[in-house]
Amino acid sequence: DVQLVESGGGSVQVGGSLRLSCAATGVTYRTYFTAWFRQAPGKEREGVAVIHSEGHYTRYADSVKGRFTLSQDNAKKTVYLQMSDLKPEDSAMYYCAADRDVNVPPSLALDSGRYNNWGQGTQVTVS
């Protein structure tokens, strides 16, 4: 079974930075997408960013473009989300999700319904 573990969340001041990590184990897919989602209290889960395991595709939500950057270490099966210039509206629980790329059309790569494997989340608070 695929297991995803997020880390790196915390409390930070406005304009600060954090780097989230999503470490995957049990992945047997040859190629797959890993995405970050976030959910604030009372709001719907929002797709933030996604990366293909081969690195040739990344996509960001408009709300984070220019501030968030994805990277990955395939040897460690870990995806990183570097978040800079953080704003109060970035406060949320951040989740990573992964699935085989054949299950995730690129046009739907930020659609949470396309992913079957989820981590438990890491909290980010910006104030």
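As the structure is a prediction and not an experimental result, all values here were calculated from the model.
- One finds the OG atom of S63 at 8.5 Å from the NZ atom of K87 (value rounded to the nearest 0.5 Å).
- V104 and V79 are not part of a single hydrophobic cluster, where members link through side-chain heavy atoms under 4.5 Å apart.
- A continuous path of Ile, Leu, Val, Met, Phe, Trp and Tyr side chains, each step under 4.5 Å between heavy atoms, connects W118 with L110, placing both in one hydrophobic cluster.
- No side-chain donor-acceptor contact under 3.5 Å links N74 to the backbone of K77.
- Distance alone, capped at 3.5 Å, places no donor-acceptor pair between the R100 side chain and the Y32 backbone.
- Remark: aromatic rings of Y115 and F33 are distant, center separation not under 6.0 Å.
- Listed for the S91 side chain is a donor-acceptor partner under 3.5 Å among the backbone atoms of V126.
- Cluster annotation: V14 is connected to V64 through the hydrophobic network of ILVMFWY side chains, with a link wherever side-chain heavy atoms come within less than 4.5 Å.
- Side chain of Y57 to main chain of P106: a donor-acceptor pair is present (N/O by atom type, distance under 3.5 Å, no hydrogens or angles).
- Annotation for Y60 and F68: closest pair CE2-O, 3.3 Å, computed over non-hydrogen atoms.
- Distance check, rounded to the nearest 0.5 Å: CG of L18 to OG1 of T125 gives 9.5 Å.
- In this view, R45 and Q39 satisfy the side chain to side chain donor-acceptor pair (under 3.5 Å) rule, not counting sequence neighbours.
- Across T34 and C22, no two heavy atoms sit closer than the pair CG2-SG, 4.3 Å.
- Among pairs with a residue in residues 101-111, those fulfilling side chain to side chain donor-acceptor pair (under 3.5 Å) read T31-D101, H52-D101, D99-N103, at least two apart in sequence or across chains.
- Distance check: T58 OG1 to Q72 CD gives 10.0 Å after rounding to the nearest 0.5 Å.
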Legend entry - Candidate pair V5 and Q120, rule side chain to side chain contact (heavy atoms under 4.5 Å, CB included), full reasoning: CA-CA 7 Å; V5 178; Q120 293 301 306; over 6 Å; no
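- Taking every heavy atom of both residues into account, A109 and F37 meet most closely at O-CZ, 4.4 Å.
- For the pair V2 and L4, the minimum side-chain heavy-atom distance is below 4.5 Å.
- The side chain to side chain donor-acceptor pair (under 3.5 Å) contacts involving residues 5-23 comprise nothing, where partners must be two or more places apart or lie in separate chains.
- At a threshold of 4.5 Å between non-hydrogen side-chain atoms, the residues R30 and E54 count as touching.
- Of all the heavy atoms in A92 and A40, the pair that sits closest is CB-N, 3.8 Å.
- Atom CD of E46 sits about 13.5 Å away from atom OH of Y95, to the nearest 0.5 Å.
- Enclosure of atom CD in Q123 by more than 12 non-hydrogen atoms of other residues, nucleotides or ligands within 6.0 angstrom is indicated.
- Here L20 contributes atom CG and Q82 contributes atom CD; the two are 9.0 Å apart, rounded to the nearest 0.5 Å.
- Residues Y94 and R38 have side chains that bring a donor and an acceptor to within less than 3.5 angstrom of each other.
- With a 6.0 Å radius and a threshold of 12 heavy atoms from other residues, nucleotides or ligands, E44 has its CD atom at or below the threshold.
- Y80 and L70 fall into different hydrophobic clusters, where Ile, Leu, Val, Met, Phe, Trp and Tyr residues are linked whenever their side-chain heavy atoms come under 4.5 Å apart, directly or through other members.
- Using modelled atom types, one finds a donor on one side chain and an acceptor on the other under 3.5 Å when comparing N117 with Y29.
- Rounding to the nearest 0.5 Å places CH2 of W36 at 5.0 Å from SG of C96.
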